[in-house]
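One-based numbering, in listed order, for ligands and for the atoms of each.
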Amino acid sequence: MRIETVAVHAGHEVDPGTGALTTPIHLSSTFEREMDGSYRAGHQYARTSNPNRESLERSLVALEGGSAALAYASGSGATMAVFQALAPGDHVLAPDDAYFGTLRQLREIFARWGLDAGVVDMSNLDAVERALRPNTKVVWVETPSNPLVRVVDVARLAELAHSVGARCVVDNTWATPVLQRPLDLGADVVMHSTTKYLGGHSDLLGGALIARHDDEFVERVRLTQRLAGVVPSPFDCWLLLRGIRTLPWRMRAHCANAAAVAGYLSTHPSIDAVHYPGLPTHPGHDIAARQMSDFGGMLSIQVRGGESAALQFTHRLKLFTRATSLGGTESLIEHRASVEGAATLAPPNLLRVSVGLEHPDDLIADLEQALAQ
Ligand SMILES: Cc1ncc(COP(=O)(O)O)c(C=O)c1O
């Protein structure tokens with residue numbers, strides 16, 4: 001089945017109790033035990049499992065083509081579950097331009113617990129090979145990356161990870177399973193901030209891990225979900241499953257709008273650079289064309305005149321809201337360097353743009369008026 005059909009149907013079924021087509025939200029924190037000690041639908045206590053999370057996880061497995069999915073309370077919670085499944089002395093290799101929260105976890109939390117982490121430019125495969133160690137257990141990949149929009153070769157990185165017995169974990173938040181399926185490219189685990197495109201409406205916080213094999217590593221990340229209770233609420237699971245139904249169609253519009261915006265900005269004299277994998281000039285364009293079915297809804301731009309010109313430009317925009325996050329229906333713009341602080345790789349004049357679902361002509365007209373002043 002194609003992804004549009006999977007997104008509409010996976011995880012959904014008519015409620016056997018009432019005939020309702022829309023899955024009810026099960027707020028109950030606990031479930032009745034039968035005389036023989038079993039539970040009618042397998043749910044005992046909502047931290048361990050509940051019907052809404054189970055439906056969501058079935059949908060996520062189907063979307064990414066995995067064997068097991070685990071939903072978390074945030075993308076960061078899902079990331080943390082991967083690192084918590086490792087042991088002191090294990091080595092994690094991450095991209096130098098990974099989402100800054102991922103790098104902060106490694107530096108500020110897991111270093112103290114003895115996890116050894118290194119960063120490398122993953123577009124340089126020779127450098128990745130040199131940075132691998134016998135104790136590397138996870139090669140963390142993020143493509144396209146936040147906020148530099150670098151694109152890296154998932155298949156080659158998975159091969160390199162496997163050459164030292166490490167797992168390849170791909171943060172697929174920006175591409176979504178509609179545009180990129182890392183498990184099909186050889187990765188072992190996919191991570192999502194479902195807060196973004198999967199939810200799609202800027203109204204929930206969530207994360208997910210989807211694994212190719214339901215093995216002992218997955219059993220360990222499941223412990224963090226269930227024993228630590230890093231779980232999304234039934235309502236957030238319900239909202240997310242509802243958002244996923246339109247994901248493939250929303251992604252088409254996000255991609256088309258972002259391509260139009262990137263094309264317009266790439267020729268504008270007030271813009272020094274546009275980082276969008278759909279532009280043939282982007283260094284990762286060929287890899288993106290190979291491993292993605294379209295180029296996504298995210299881009300970064302560098303504004304001529306430096307940081308203050310970039311900030312002033314954001315204040316003149318009317319349709320792009322200055323806010324963090326991405327992947328919602330509304331367009332957002334953000335000055336990443338001031339959010340990320342001293343360790344940022346983002347140039348001071350860089351703005352990250354999440355292109356929403358407004359009409360592209362209106363978005364371009366808004367950019368035009370803001371750049372003209
Ligand atoms: C690529 C990427 N990964 C992970 C995260 C963290 O997700 P959350 O904010 O849901 O914890 C984000 C959030 O911006 C992100 O953009």
Side-chain angles (χ1 to χ4, degrees), residues 56 60 64 70-84 92 94-110 119 122 138 140-152 154 169-177 179-180 182 187 189-210 221 224-225 228 230-233 236-237 239-240 243-244 251 254 258 275 277 292 296-300 321-328 332-341 344-346 350-355:
L56 170 63
L60 292 167
E64 288 286 3
L70 298 161
Y72 290 84
S74 68
S76 305
T79 300
M80 195 159 210
V82 170
F83 299 147
Q84 281 177 323
V92 175
D96 57 358
D97 62 333
Y99 167 62
F100 88 124
T102 303
L103 296 180
R104 284 192 66 187
Q105 282 192 13
L106 288 170
R107 289 180 186 134
E108 296 175 35
I109 300 175
F110 289 99
V119 295
M122 289 207 173
V138 163
W140 189 272
V141 175
E142 185 184 309
T143 180
S145 71
N146 178 2
L148 299 185
V149 207
R150 276 195 206 140
V151 171
V152 294
V154 173
V169 182
V170 178
D171 183 336
N172 203 29
T173 300
W174 278 30
T176 82
L179 308 182
Q180 176 171 277
V189 178
V190 168
M191 175 264 160
H192 280 285
S193 166
T194 54
T195 315
K196 317 298 183 199
Y197 287 108
L198 271 70
H201 297 76
S202 308
D203 54 9
L204 65 88
L205 206 61
L209 297 174
I210 303 101
V221 291
T224 305
Q225 185 205 38
V230 192
V231 292
S233 72
D236 281 349
C237 293
L239 275 177
L240 184 49
I244 285 171
M251 288 316 293
H254 281 296
H275 306 283
M292 298 172 74
M298 296 298 301
L299 53 108
S300 289
T321 306
R322 292 182 310 280
T324 198
S325 204
L326 56 109
L332 301 180
I333 193 155
E334 187 176 41
H335 183 249
R336 283 306 291 178
S338 52
V339 170
E340 296 187 6
T344 189
L345 292 188
L350 182 135
L351 300 170
R352 187 185 76 186
V353 186
S354 173
V355 183

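Between Val190 and Gln180 there is no side-chain heavy-atom pair separated by less than 4.5 Å. Using a 4.5 Å cut-off on side-chain heavy atoms (C-beta onward), Val149 and Arg352 make no contact. When side chains are defined from C-beta on, Leu179 counts as touching Met251, because their heavy atoms get closer than 4.5 Å.
Taking both residues in full, the closest heavy atoms of Pro177 and Asn172 are given as N-ND2, 3.7 Å, listed atom of the first, atom of the second, then distance.
Atoms of ligand 1 lying under 4.0 Å from any heavy atom of Thr195, numbered from 1 in the order shown and given with element: 10 (O). Of all the atoms in ligand 1, the ones that sit under 4.0 Å from a non-hydrogen atom of Gly206 are 10 (O). Taking a cut-off of under 4.0 Å to the non-hydrogen atoms of Asp171, the atoms of ligand 1 that pass are 1 (C), 2 (C), 3 (N), 4 (C).
Trp140 and Phe83 have tilted rings, their planes meeting at an angle from 30° to 60° on a 0 to 90° scale.
Considering backbone and side-chain N/O atoms, Gly75 comes within less than 3.5 Å of an N/O atom of ligand 1. When only interatomic distances are considered, the shortest N/O to N/O separation between Asn146 and ligand 1 falls below 3.5 Å. Residue Ser193 has at least one nitrogen or oxygen atom sitting less than 3.5 Å from a nitrogen or oxygen atom of ligand 1, judged on distance alone.
Looking only at distances, no side-chain donor or acceptor of Ser354 sits under 3.5 Å from a matching main-chain atom of Leu332. Checking side-chain atoms of Gln105 against main-chain N and O of Phe110 turns up no donor-acceptor pair under 3.5 Å.
Nearest non-hydrogen protein atom to atom 6 (C) of ligand 1 is Tyr99 CE2, 3.4 Å. Counting only heavy atoms of the protein, atom 11 (O) of ligand 1 lies nearest to Ser76 OG, 2.6 Å. Ranking the protein heavy atoms by distance from atom 9 (O) of ligand 1 puts Lys196 NZ, 3.9 Å first.
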